[in-house]
Amino acid sequence: MKQFTQVIYVMVVLMLLSGCAGRKNESTGEIVTEDQPAETVPDFRVAGLVDLNEKQDMKEILCQSWNNKEDADDIKNSRGDSELEMANRGYCFFNDGTMVKDPRGEYRLGVWMLHDDKKPYLIEMKLDNGTKELHQVARLDPKNLTLNEVTSGNEKKLVEYKGEAVAHLQIRDEPFHITNNRWRIAPKQPETDEAIKARLKASIHFFVLFYDHCINARSEDVILTGLPSCFKWYAGGIYMRKEKDLPANWISCFYNAKQAAIAYKMADELLDRKYNWPKGERNWVKQNVFVLKQMEKQL
């Protein structure tokens, strides 16, 4: 059984074009071009987002999701064809002082603090398993973060991370914040069917937020590697995984495999219902989230 979900990598390119229209001069026969006004860039704030390209404060710039550049490149190069388990390391820093390590993997909670009173600037992290991390900030701009990380051998290693220069105005809209990921933390005792259904609904809500973020932030890369789910995501389609192929990290979201099987049956019955797909919509991300929102309401 694979530990992570199948690598699904889709490049979503949303390009804003300013074009030139051509018309024919009837007297000379020449084609004369006329400049067209550039398409207006959507206001991030309308979508509840903050454009970090406009920020100068280090902490504000850090408060976003950062993906390990090497891992992201490997996933991109695989083009979703690899059956291997692929690392997808990263950090999410939030302005309420909380953080997540490896949000697309183990999902380890913690708190963080930026020490920027003197150089080298340091990021201190305290994770919920008791471990601590202290990394030097070697480089930082709204889309690039390089940390000088201390290895187990007490040696330092430069590690690059990539960001989107986008954050959410409200914590509750951050896909990877604990507010939207409690369903990933297994309960300490068996749950009722209603509690299992609520956990399933919360997992669907997470993907609604995740897809909405990709749309509103105009993400170039939609990376689902490592995210726990019983669903398979395709361009214009959502399917159930075979029960024998359920990823271990989805099963571990429940008290045990038996309760995960109850959730799987609920999801299967839910997906078997009829849903409306957006007519004329060619963006697969928008297609999927349109149906996911209907599924969430059904629960």
Side-chain angles (χ1 to χ4, degrees), residues 1-15 52 62 64-93 99-108 135 139 141-147 149 151 157-167 174-177 180-181 184 203 206-239 241-242 245-253 283-289 292:
M1 184 178 292
K2 303 181 184 67
Q3 184 178 358
F4 296 104
T5 52
Q6 178 184 4
V7 177
I8 306 287
Y9 173 84
V10 180
M11 183 71 75
V12 180
V13 182
L14 303 176
M15 302 181 67
L52 298 179
L62 281 169
Q64 59 174 304
S65 294
W66 296 97
N67 294 322
N68 182 286
K69 183 179 182 300
E70 181 180 359
D71 294 348
D73 288 345
D74 287 343
I75 292 168
K76 179 177 179 179
N77 291 334
S78 76
R79 297 186 179 277
D81 295 331
S82 175
E83 290 296 324
L84 300 175
E85 296 175 0
M86 301 187 72
N88 197 1
R89 294 163 291 181
Y91 294 102
C92 291
F93 300 116
M99 61 157 290
V100 176
K101 180 179 180 180
D102 299 336
R104 292 174 172 81
E106 186 180 5
Y107 193 86
R108 180 63 66 188
H135 302 314
R139 176 191 177 188
D141 64 54
K143 291 190 176 182
N144 299 279
L145 169 64
T146 302
L147 296 179
E149 300 186 354
T151 65
K157 177 184 178 182
L158 290 175
V159 182
E160 295 181 75
Y161 295 88
K162 304 293 289 184
E164 293 183 301
V166 169
E174 292 279 2
F176 291 107
H177 192 268
N180 301 307
N181 287 269
R184 295 175 71 172
S203 72
F206 164 81
F207 281 101
V208 167
L209 293 177
F210 177 82
Y211 278 132
D212 273 345
H213 170 90
C214 292
I215 293 167
N216 294 327
R218 302 191 293 280
S219 303
E220 291 186 354
D221 303 334
V222 180
I223 302 175
L224 294 127
T225 311
L227 297 179
S229 179
C230 59
F231 299 114
K232 279 189 175 183
W233 315 101
Y234 292 105
I238 303 174
Y239 302 93
R241 291 180 173 273
K242 293 182 179 179
D245 294 331
L246 285 174
N249 67 342
W250 189 77
I251 295 174
S252 66
C253 294
N283 184 319
W284 77 275
V285 181
K286 293 181 179 180
Q287 291 174 346
N288 283 2
V289 76
L292 278 173

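What you see below is based on every heavy atom in this structure, not just the backbone, and it leaves out hydrogens, waters and symmetry mates.
- In this structure a side-chain-to-backbone donor-acceptor pair under 3.5 Å is present from Asn181 to Pro175.
- When all heavy atoms are compared, the tightest approach of Phe210 to Leu224 is CE2-CD2, 3.9 Å.
- For the atom pair CH2 (Trp66) and CG (Leu147), the distance works out to 9.0 Å, reported to the nearest 0.5 Å.
- Across all their heavy atoms, Asn144 and Arg139 have their closest contact at ND2-NH2, 3.7 Å.
- Listed by chain and residue number, His213, Ser219 satisfy the side-chain hydrogen bond (donor to acceptor under 3.5 Å, both in side chains) test with Glu164 (two or more places apart in sequence, or in another chain).
- Judged by distance alone, the side chains of Asn67 and Arg104 do bring a donor and an acceptor atom under 3.5 Å apart.
- Residues Tyr161 and Gly90 approach most closely at CE2-CA, 4.1 Å, considering heavy atoms.
- Applying the side-chain hydrogen bond (donor to acceptor under 3.5 Å, both in side chains) rule to Asn180 yields no partners; only residues at least two apart in sequence or on another chain are considered.
- In this structure, the side chains of Met99 and Cys92 stay at 4.5 Å or more apart for every pair of heavy atoms.
- With sequence neighbours excluded, no residue forms a salt bridge (charged side-chain N to carboxylate O under 4.0 Å, His left out) with Lys162.
- Shortest non-hydrogen contact noted between Asp71 and Ala87 is CB-O, 3.4 Å.
- Asn68 contributes a side-chain N or O that, together with a main-chain N or O of Glu70, makes up a donor-acceptor pair within less than 3.5 Å.
- Pro142 approaches Leu52 most closely through the heavy-atom pair CG-O, 3.6 Å.
- Relative orientation of the Tyr211 and Phe207 rings is tilted, given thresholds of 30° and 60° on the angle between their planes.
- For an aromatic pair to be called close, the ring centres must be under 6.0 Å apart, and Phe231 with Trp250 fails this.
- For Asp212, the side-chain hydrogen bond (donor to acceptor under 3.5 Å, both in side chains) partners two or more places apart in sequence, or in a different chain, are Lys293.
- Asp102 meets the salt bridge (charged side-chain N to carboxylate O under 4.0 Å, His left out) test with no other residue; sequence neighbours excluded.
- In this structure a side-chain-to-backbone donor-acceptor pair under 3.5 Å is missing from Gln64 to Ala167.
- Remark: Tyr107 pairs with no residue by the side-chain hydrogen bond (donor to acceptor under 3.5 Å, both in side chains) rule, at least two apart or across chains.
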